[in-house]
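Below: the structure, in structure tokens.
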Amino acid sequence: MSPLAKRYEPQVVEEAVLDYWKKNDIYEKTVKMRENGPRWNFLEGPPTTNGFMHVGHARGRAMKDAQLRYMTMRGYNVWRRGGWDMQGLPVELEVERKEGIADKGEIEATMGMDLFVQKCKELVDFYLERWVNDSVRLGLWLDYPTAYQTRRDDYIEHVWHFLKLASKKGLLGRGYRVTPTCPRCVTALSSHEVSQGYKTKEDPSIYVKFKLVDKENEYLVIWTTTPFTLLSNEMVSVHPDYTYVKVQVGNEYWWILKDLVETVMAKAGITDYKKVKKLKGSKMLGWKYEHPFKNEVPWHQEHHEKYMHAVVTGKHVTIEDGTGLVHTAPGFGPEDFEVGKEYGVPVLCPVTNRGLFTDEVPMFEGKYVFDVNAEVPKMLEKKGLLVHQDTIVHEYPHCWRCDTPLIYLADKSQWFLKMKGVRDRLVKKNEEIEWTPEWAGTGRFGDWLANADDWCISRSRVWGSPLPVWVCPDCGHEIVIGSREELRERATEMPKDFEMHRPWVDRVVIKCEKCGAEMKREPFVLDCWLDSGMAHSASVDYLRNPELFKELFPYDFITEAVDQSRGWFYSLLYTSVVMHDKAPFKACVSQGHVLDEDGGKMSKSKGNVVWAADAFKGLGADPFRIYMLSRSAPWTRTNYSPKEIELTRRNLDILWNVVLFADTYMDLDKFKYDEKRMRKNLAKADIEDRWLLSRVQSVVKRFHEQMEQHLYHHASRALLEFMSEDLSRIYLPLVKKRVWLESENPRKIMAYDVMYYTLQSLLRSLNVFTPFLCEKLHLDFLSKYGDGLPESINMTDMPEVDEKLLDLELEATFEVLEELRSAASNARNKRGVKLRHPVAKVMLEPSSPEVARRAESLREILLNDLNTREFEVVKSGAMDRYASLSIKPNFKALGPRVKGKMKALVSVLQSADASKLRAELEKGKTTVVVDGEAIEILPGDLEFEESLPEHLSSADSRIGKVFVDVTRTKELESEGLVRDVTRRVQVMRKELDLNVDQDIEVTVQFSDEESLQLAQMHKDYLATETRAQVLDLVGPKAKPKWKAFKYVKEWDIDDLKIKVGMSPV
RNA sequence: GGGCCCGUGGCCUAGGCUGGUUAUGGCGUCGCUCUGAUAAGGCGAAGAUCGCCGGUUCAAAUCCGGCCGGGCCCA
């Protein structure tokens, strides 16, 4: 494409690559190229086209892309159709907001359903475009043109097909459900929707007493945080096994759970009370009480069932809060509803799905439930039934879209899919799925499946797949329609512009086959999770294309965030098991969420959401991707931190610079990569060449192992570490000298071949994480020096491990090298000897024979690398004779015993044999003779300090002890000085921005004659290293013509001053 | 109340399944140093009771139990 820029700028690279891909149809070509490979099928979990992509979505999508690119480059024919979830409540709500519609009831009155649906379509089209743009910008390669859309008739038809099948199997039901309802959106919510909206809420917390019938002054004390539900209270539940007590308070008797008496009394501020009787909960069954609002609510006067207004027992009663007696209102709670069913009491639910009381409660008719919450306690107080009142802050479900607190309402018209009869199959099929991490499937999802309730699928809304059920108003006959064709056949009349959405579908009338009346469609739409759940079949148009379906199903892989356990993972599994009796996917990676920088949840209301497009623009998609995937395990939650992305990005800078280095010299030499040549010359290659080639194999091996387990964080780190440690930090400095050799030198060519081979393997692997950068380097570097490469790195194959190049012994040898370097630096550092100054000798006292052998084989590298004249591996203990042990008496311990002889003792100890003393003390006590008197020395009386003579410094390491001989000689001084000067001249070259091969002329003036003499000894070195054609070294008295130089600068080198003049020639 | 996950220097993080020298790496701070690919790199210093308590074991960050704290999910 173009020469590499001096600096890596991700955004610039990415824009250019995106453009290249588009202009050259690269994605299409990679697909075509692999079409004969074995199939590997991915099922895309469709994002909702409502709102924009945030960084959490983007993390998941980066994982998808890494997996897809990996499989593609392993030769698979990867199925990767995109998909979009386009219907549902969120879309309606946004349209309502934009159009200024207060709630659903106003739709017909203001704009009509036709126009409303049109607006919904326009809205999802708008977001769809944004989502595609952001996904493309992220580098996520999916089939976008063929992407499935849940709003299309072809798609919806599959949902109908499924419901008809479920109905035939007896799984589709209708009837009373207590459903969480949003009074603002006027619709029931599914349990997975509820689960998204738990928030803290402040509620009243009231303790109320119910008077027992036929008993003098005896009351049941109950607790509730939703006072309005008392209006339809029907029972009080107690635990059959727990103990309850009768407490005397004044002249009244209250029944409370034994364990909670103190708590309740303390809350109510009652100190004067007495427990008078104990009873097991089961004994209280059937006790009748007087409903507190019997007079106000006619319904309570009209019902006299055995357990109406009576104590019942249930094991759901807990002892943690409240009174242990649980107020039970079947119309307002799922558990209460079950209790009601069990005890055969009818349901009272005097509230509409807008949260308003009906005429069944005349005094509150038309009032909002949460307003009534405040009035109920007042009334109870007047009646003398309120024991205590305060407030509580707790987690309460809210509408996930509009934040309105939900209410649980019994509604007999809801439609649902049954769990009974399918549950066992679901659990069994789930066990066949390979989950990452394992607990996501077995624990979390598996347990939930085993306990899941029926699935309420009906929604009283507009923009969604319509429920395909028509009902006869006269005889009640119901039919489920399974396809458009079937509908056409049955319909007495089809609208001209028919589509499978409201309001058009509502206009279809069917003649009842039983009584001949006109059947009307049940005016519900379906839970959008049912839409997306059908993706296993609907996304490939199973009804018209069963052959394709057969090829793909079950899919090899899906991955979504953990909240999809109850969402998509579940709806996919349910529909697939019912339809095909198979789990629809073989493997699933459950991803953790992305939180804000402080670990808080990202939400629009908090204003802490980071949009993906902004992240790509600000930081680049590649840095974003590799940060997200390398930072932590896929299933753990991650705090989003731009600062950390910048740090990760530095790794990519290093890669860029490595390539730039290679490119600079390869370009000068018109290098062409030849793998055969490299392999042929391998035996004669330098040790670091063979080492690096082996490291490539080890890293590629690890990369594959980790990718196969979906451990992207390990896979990416292995590559990054290899790149910055092995390649950049270790290998490149070792070959630097070689790239300066004359052009046809085989050692140089070898270095080039090895670098090229390494970068090729690295870039192909890394491509799964940073596809833009790797494509760029493929085009501008790999293709420049290698012949016959395809036009995209994605059209090449993943590197495989080449056992012939693997040499673990050599890798272990280089670990010794690293240890030696670090220990030698440490030892130098202790004496303040710069690495630039050569030392006389470095010695290693190795920890094992292997280390000794490996160190020996490194001799040549070590001399240069440690900047030492000699390197020696010494025998164990060989250095002891240099080490002197000094004795430090412990005066505190010795003083009291030795007293006046202390001075004499110290002088004796100074000349004593310290190592002998230490050996004796290790065995026990010993004696020292002072002035003819034996003094007993105990362990702890003396401390020993090892010290090395002035010319030696040492450091410990894992491979043994390293000694550096820092003896100064004229020769060493000279070399050090010249290197110091060289360094300054090099800096000046760089400051002048000279080309690496630019010749110069230089004059250096020294502030003292002695230094000048020293420098003269290695003048040649200075001239060669700095490419100085003319080099004058002069003393303090000389008067060079400084004005003749292009650049003149004075430097301090410790006490020495030098002045350097330089010009290019 | 139940289920699942998490808790490692000031901050972020690896390791935990399979117990074993001095607990990984990074950011930041300080001192030194290296460098003609590098906005990088290296050496060193300071900084951790691996949430707490108990158990198993010769040996626990790791396994087991309990508790505390945080998150998510469900009641």
Side-chain angles (χ1 to χ4, degrees), chain A residues 4 6-8 191-192 194-196 198 315-321 333-335 395 397 437-440 442-448 450-453 561-563 565-566 590 592-593 595 597-601 630-633 635-639 641 643-644 646-651 653-665 713-714 717 720-721 724-725 728-730 732-733 736 739-740 818 821-837 847 867 955-958 979 982-983 985-991 993-998 1025-1027:
Chain A
L4 293 172
K6 282 274 173 230
R7 283 254 302 142
Y8 167 53
S191 59
H192 20 266
V194 175
S195 71
Q196 298 193 40
Y198 274 83
K315 303 213 166 166
H316 63 285
V317 174
T318 63
I319 58 168
E320 265 61 33
D321 40 30
E335 279 188 344
E395 291 290 301
E438 208 192 317
W439 51 258
T442 53
R444 197 177 183 131
F445 190 46
D447 288 353
W448 184 73
N451 299 304
D453 285 335
V562 58
D563 54 293
S565 297
R566 277 113 175 125
S590 166
H593 282 129
L595 308 176
E597 205 155 3
D598 306 317
K601 198 173 171 174
S630 65
R631 182 179 166 84
S632 51
W635 55 87
T636 54
R637 72 193 132 84
T638 290
N639 298 0
S641 158
K643 213 171 67 192
E644 300 272 329
E646 277 298 331
L647 293 174
T648 312
R649 175 234 155 104
R650 283 197 207 167
N651 278 297
D653 285 335
I654 295 173
L655 174 61
W656 186 270
N657 286 319
V658 167
V659 174
L660 211 55
F661 170 84
D663 183 55
T664 304
Y665 295 102
H713 61 315
H714 287 158
R717 281 178 197 189
L720 289 179
E721 266 167 38
S724 68
E725 295 292 304
S728 166
R729 187 167 72 75
I730 301 176
L732 288 196
K736 253 180 196 174
V739 302
W740 283 91
E818 278 306 292
R821 278 183 174 176
S822 129
S825 293
N826 188 345
R828 276 173 171 271
N829 212 309
K830 283 179 185 165
R831 292 298 167 88
V833 183
K834 301 171 178 181
L835 184 57
R836 209 185 287 139
H837 290 180
S847 61
N867 197 14
D956 287 321
S957 81
R958 285 206 318 242
R979 287 177 70 147
T982 303
R983 170 75 193 130
V985 177
Q986 301 288 38
V987 170
M988 288 172 69
R989 281 189 66 115
K990 212 172 175 182
E991 284 169 353
D993 203 21
L994 300 181
N995 275 338
V996 287
D997 52 353
Q998 172 70 52
E1025 286 292 310
T1026 62
R1027 289 197 164 241

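Naming: A, B, ... by sequence-line order, numbering from 1 per chain.
- Whole-Å rounding puts the A:Tyr8 OH to B:U38 P distance at 18 Å.
- Legend: residues meeting side-chain contact (heavy atoms from CB on, under 4.5 Å) with A:Ser724, ordered by chain and number and at least two apart, are A:Asn651, A:Ile654.
- A gap of 13 Å separates the C1' atoms of B:G7 and B:U13, to the nearest Å.
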Legend entry - Heavy-atom protein contacts under 4.0 Å, nucleotides 7-30 of chain B, coded B base, S sugar-phosphate only, - none: -----SSSS-----------S---
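- Searching all strands for a Watson-Crick or G-U wobble partner of B:G47 with both distances below 3.5 Å returns nothing.
- A straight line from CE of A:Met988 to C1' of B:U35 spans 17 Å, rounded to a whole angstrom.
- Here the C1' atom of nucleotide B:U35 and the CD atom of A:Glu1025 are 12 Å apart, to the nearest Å.
- Comparing the P positions of B:U38 and B:G26 gives a spacing of 22 Å, expressed to the nearest Å.
- Pair assignment for B:G20: B:C58, on the basis of Watson-Crick or G-U wobble contacts that are both within less than 3.5 Å.
- Partners of A:Ser641 under the side-chain contact (heavy atoms from CB on, under 4.5 Å) rule, at least two apart in sequence or in another chain, are A:Glu597, A:Tyr627, A:Lys643, A:Glu644.
- Both A:Trp635 and A:Lys736 lie close to RNA chain B; mapped to their nearest nucleotides by heavy-atom distance, the more 5′-ward contact belongs to A:Trp635.
- Atom P of nucleotide B:U38 and atom CD of A:Glu725 are separated by 19 Å, given to the nearest angstrom.
- A close approach under 4.0 Å does occur between a side-chain nitrogen or oxygen of A:Lys990 and OP1 or OP2 of B:U38.
- Proximity of a side-chain donor or acceptor of A:Arg631 to a complementary backbone N or O of A:Thr648 within less than 3.5 Å is not detected.
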Shorter than 3.5 Å, N or O on both sides, protein versus nucleotides 43-48 of chain B: list them out with atom names.
{"unit_1": "B:C43", "atom_1": "O2'", "unit_2": "A:Asn826", "atom_2": "N", "d": "3.3"}
{"unit_1": "B:C43", "atom_1": "O2", "unit_2": "A:Asn829", "atom_2": "ND2", "d": "2.7"}
{"unit_1": "B:G44", "atom_1": "OP1", "unit_2": "A:Asn826", "atom_2": "ND2", "d": "3.3"}

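- With sequence neighbours left out, A:Arg821 forms a salt bridge (Lys or Arg N to Asp or Glu O under 4.0 Å) with A:Glu818, A:Asp865.
- Nucleotides B:A45 and B:A61, compared at atom P, are 23 Å apart to the nearest Å.
- One P atom belongs to B:G51, the other to B:A60, and the distance between them is 15 Å to the nearest Å.
- Place A:His837 and A:Asp653 on RNA chain B by their nearest nucleotides, and A:His837 ends up nearer the 5' end.
- The P atoms of B:C5 and B:C43 are separated by 38 Å, rounded to the nearest whole Å.
- For B:C72, the paired base is B:G3 (Watson-Crick or G-U wobble, both distances below 3.5 Å).
- Here A:His713 pairs with nothing under the side chain to side chain donor-acceptor pair (under 3.5 Å) rule; sequence neighbours left out.
- Across the protein-nucleic acid pair, A:Phe661 atom CZ and B:A37 atom P stand 6 Å apart, rounded to whole Å.
- With contacts defined as side-chain heavy-atom distances shorter than 4.5 Å, the pair A:Trp656/A:Leu4 qualifies.
- For the P atoms, the distance linking B:A75 with B:G65 amounts to 27 Å, nearest Å.
- Nucleotides B:C11 and B:U56, compared at atom P, are 34 Å apart to the nearest Å.
- Proximity of a side-chain donor or acceptor of A:Arg1027 to a complementary backbone N or O of A:Gln998 within less than 3.5 Å is not detected.
- Not counting sequence neighbours, the partners of A:Asp653 by the side chain to side chain donor-acceptor pair (under 3.5 Å) test are A:Arg649.
- In this structure, CG of A:Asn651 is placed 9 Å from P of B:G41, rounded to the nearest angstrom.
- For the pair A:Arg7 CZ and B:A40 C1', the computed distance is 11 Å after rounding to whole Å.
- Listed by chain and residue number, nothing satisfies the side chain to side chain donor-acceptor pair (under 3.5 Å) test with A:Arg7 (two or more places apart in sequence, or in another chain).
- Between A:Asn657 atom CG and B:U38 atom C1' there is a gap of 4 Å when expressed in whole angstrom units.
- Taking the side chain to side chain donor-acceptor pair (under 3.5 Å) definition, one finds that A:Glu991 meets it with A:Tyr1047, A:Lys1049, sequence neighbours left out.
- Closest approach of A:Thr982 and A:Glu1025 over heavy atoms only: CG2-CB, 3.7 Å.
- One C1' atom belongs to B:A46, the other to B:G9, and the distance between them is 10 Å to the nearest Å.
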